[in-house]
Novice: 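First, the structure itself, so that you have it in front of you.
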Amino acid sequence: MKLLTIIIFVSFLSSSILAQNGPVREMPAEFKSDGCTMFPDGNYRECCIEHDKDYYFGGSLRERRASDERLYTCVKAKGGKSNKLTAAIMWMGVRVGAVSFLPTPFRWGFGNKWPRKEPKK
């Protein structure tokens, strides 16, 4: 009986009912991607567009780091002799140049007004 209770309890905790999924974000009509900003579009353009979608909404620093890592992994996975180096250069570029506190059109959270004002509590 104890074993059955433990199995049911563990099954309940690991069920998809309790899974923590983030909100599904729909891209607004005004969203535009220029592909690989300030970089030539190669066979990895779709990686850059997905990265732009993340950057449009912004979020936490952890989310930004994860987005930049996905860009790196995606570009590197496209193959080609130069894509490993290209992925590293792109990663360094977005880590240094796309910070949220600069009013650039490619910053983290570029879909939000700048400077972003926190709501009053």
Novice: When you group the ILVMFWY residues by side-chain heavy-atom contacts below 4.5 Å and let the links chain together, are M27 and F110 in the same group?
Specialist: yes
Novice: So K32 and D52, do their side chains get closer than 4.5 Å, heavy atoms only?
Specialist: no
Novice: Once rounded to the nearest 0.5 Å, what's the spacing between atom CG of D34 and atom SG of C48?
Specialist: 9.0 Å
Novice: Between Y56 and E30, is any side-chain donor less than 3.5 angstrom from a side-chain acceptor?
Specialist: yes
Novice: Walk me through it: do C36 and Y44 pass the test side chain to side chain contact (heavy atoms under 4.5 Å, CB included)?
Specialist: CA-CA 9 Å; C36 301; Y44 43 77; 3.7 Å; yes
Novice: Give the intermediate values and the outcome of side chain to side chain contact (heavy atoms under 4.5 Å, CB included) for residues K76 and N83.
Specialist: CA-CA 5 Å; K76 186 177 172 186; N83 279 9; 5.9 Å; no
Novice: Hey, could you give me the CZ/CZ distance between R64 and R62, rounded to the nearest 0.5 Å?
Specialist: 15.0 Å
Novice: With side chains defined as the heavy atoms from C-beta onward, is the minimum distance between H51 and S67 less than 4.5 Å?
Specialist: yes
Novice: With the side chain counted from C-beta on, respond yes when F57 and N112 share a heavy-atom pair under 4.5 Å apart, and no when they do not.
Specialist: no
Novice: Nearest 0.5 Å please: distance from the CH2 atom of W108 over to the CZ atom of R95.
Specialist: 9.0 Å
Novice: To the nearest 0.5 Å, tell me how far L71 CG sits from C47 SG.
Specialist: 6.5 Å
Novice: Salt-bridged, E46 to K78, with N to O below 4.0 Å?
Specialist: yes
Novice: Treat each ILVMFWY residue as a node, draw an edge where side-chain heavy atoms are under 4.5 Å apart, and state whether L85 and V75 are in one component.
Specialist: yes
Novice: Are I49 and Y55 co-members of a hydrophobic cluster defined by side-chain heavy atoms under 4.5 Å apart?
Specialist: no
Novice: Would you please say whether a donor-acceptor pair under 3.5 Å links the side chains of E69 and W91?
Specialist: yes
Novice: Between F101 and R107, does the side chain to side chain contact (heavy atoms under 4.5 Å, CB included) criterion hold? Intermediate values first, please.
Specialist: CA-CA 8 Å; F101 56 83; R107 74 183 187 283; over 6 Å; no
Novice: Any side-chain heavy atom of M90 within less than 4.5 Å of one from Y72?
Specialist: no
Novice: How long is the gap from CD on E63 to CG on D68, to the nearest 0.5 Å?
Specialist: 12.0 Å
Novice: Are the charged groups of R70 and D54 less than 4.0 angstrom apart, N to O?
Specialist: yes
Novice: Hey, quick one: are V94 and F31 part of the same hydrophobic cluster, counting side-chain heavy atoms closer than 4.5 Å, chains of contacts allowed?
Specialist: yes
